[in-house]
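For reference, the structure discussed in these notes is given below.
For the numbers below, each heavy atom of this structure counts, side chains included, while hydrogens, waters and symmetry mates do not. First listed ligand is number 1; within each ligand, the first listed atom is number 1. Not measured: the values here are computed from a predicted model.
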Amino acid sequence: MKKILITGGAGFIGSHVVRRFVNRYSDYHIFNLDKLTYAGNLANLKDIENASNYTFIKGDITDAEALKVLFTLHNFDGVIHLAAESHVDRSIKDPLAFVHTNVIGTVQLLNAAKEAWKDDLDNHLFYHVSTDEVYGSLHNPDEFFTEETSYDPQSPYSASKAASDHFVRAYHNTYKLPVVLSNCSNNYGPNHFPEKLIPLCINNIKNYKPLPIYGKGENVRDWLYVLDHAAAIDVVFHKGKIGETYNIGGFNEWTNIDLVRLLCRIMDRKLNRIEGESEKLITFVTDRAGHDLRYAIDAQKIMNDLGWKPSLQFEEGLEKTVDWYLTNTEWLENVTSGAYQDYYTKQYQHS
Ligand SMILES: Cc1cn([C@H]2C[C@H](O)[C@@H](COP(=O)(O)OP(=O)(O)O[C@H]3O[C@H](C)C(=O)[C@H](O)[C@H]3O)O2)c(=O)[nH]c1=O
């Protein structure tokens, strides 16, 4: 049985990856290492928590000693590294927290893997899951990020992810650590923490609260359903070429204002409101500092070389997402109030 370590598996994207691997691969044992910060909670994984091929470990990727013990104890065959601080606005307020987890945490994990695998590098894989924000901000509508685009990170968050990508490649180049990387565009779907644009707006529309649109709402993001990202990660992990990078995206660009208007229309319908009622909540607020104008991913390489493609149309994915949030009201209340974090922190405080 192969032993796979997934870091950040209680978070938004991580939990969908953990579920997919636990359910699809009965010949793998999945170890989910997560610190359980405000953005990660085990309620995201209730349905698989008792699976015989799944183990949760509460821990911090910046803790070198703990990593050494874990790698010695479990002899992991592969690592899928998703643990990260992810929210751009938080990175603007507290860049060091992002350096700590995203840069130092990644290097500690690389060191642990390098040490544990040094006598048998060929039979192991370190997969780093990253973001399209490392490429910076596009201004020409004809341009897309490809795997060859130069890095030009603009926010403390994207600078920390760019640094971690560079370290992963440096460990491949210097120590021959077998690595693969992917850089994905904006994800949306169930279990997304309601500080991010889509779940924040769903929650606020539901509660008749203002929908804060930074600047004029003209910034463009490419959106991908989180389960499609999990499927792409599965494909890259199993079929990706060592040392390569794969861009993942939905070919699905929206300005923020158009996206929020679409969301308002869907919510009006679902909540039996008069058409146009939710749009009245849109409030233009001070722009994000250094706000990247446009991200657009060219995902041809993963489509052509590995045969992955997005499965859902955006409107369909958005409907599913809205339905999930309107059904899972307890989840939404517990993450917003911090109740899950208190509960799970207490449950695991001695582990
Ligand atoms: C929270 C918020 C956001 N926005 C704007 C800012 C962005 O242009 C867009 C999406 O913002 P959000 O913070 O949801 O996501 P990004 O800053 O694009 O970054 C996200 O996608 C990438 C790929 C990652 O790698 C990040 O980890 C992830 O957080 O809406 C608003 O206008 N109002 C708001 O209240």
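Asp292 contributes no side-chain N or O that, together with a main-chain N or O of Arg294, makes up a donor-acceptor pair within less than 3.5 Å. Checked by atom type and distance alone, the side chain of Asn328 never pairs as donor or acceptor with a backbone atom of Trp331 at under 3.5 Å.
With atom 24 (C) of ligand 1 as the reference point, the heavy atom nearest to it among Lys196, His192, Glu133 is part of Glu133.
Taking distance alone, with nitrogen or oxygen atoms compared against 3.5 Å, Leu200 stays at or beyond that limit from ligand 1. Ligand 1 has no nitrogen or oxygen under 3.5 angstrom from a nitrogen or oxygen of Val88. Any N or O atom pair closer than 3.5 Å counts here, and Asn186 shares at least one such pair with ligand 1. For the pair Tyr295 and ligand 1, the shortest N or O to N or O distance does not fall below 3.5 Å. The distance criterion of under 3.5 Å between nitrogen or oxygen atoms is not met by Asn219 with respect to ligand 1. Ligand 1 has no N or O atom lying under 3.5 Å from any N or O atom of Asp132, backbone or side chain.
The protein atom (non-hydrogen) at minimum distance from atom 14 (O) of ligand 1 is Leu197 N, 2.9 Å. Counting protein heavy atoms only, atom 3 (C) of ligand 1 is closest to Tyr214 CE1, 3.5 Å.
When each atom of ligand 1 is checked for a heavy atom of His291 under 4.0 Å away, the hits are 6 (C), 7 (C), 8 (O).
Under the 30°/60° scheme for interplanar angles, the aromatic rings of Phe76 and Phe31 are found to stand perpendicular.
Contact annotation: for Arg221 versus ligand 1, heavy atoms closer than 4.0 Å belong to the side chain alone.
The residues Arg261 and Glu279 are annotated as salt-bridged, a charged nitrogen and a carboxylate oxygen being separated by less than 4.0 angstrom. The residues Asp234 and Arg20 are annotated as salt-bridged, a charged nitrogen and a carboxylate oxygen being separated by less than 4.0 angstrom.
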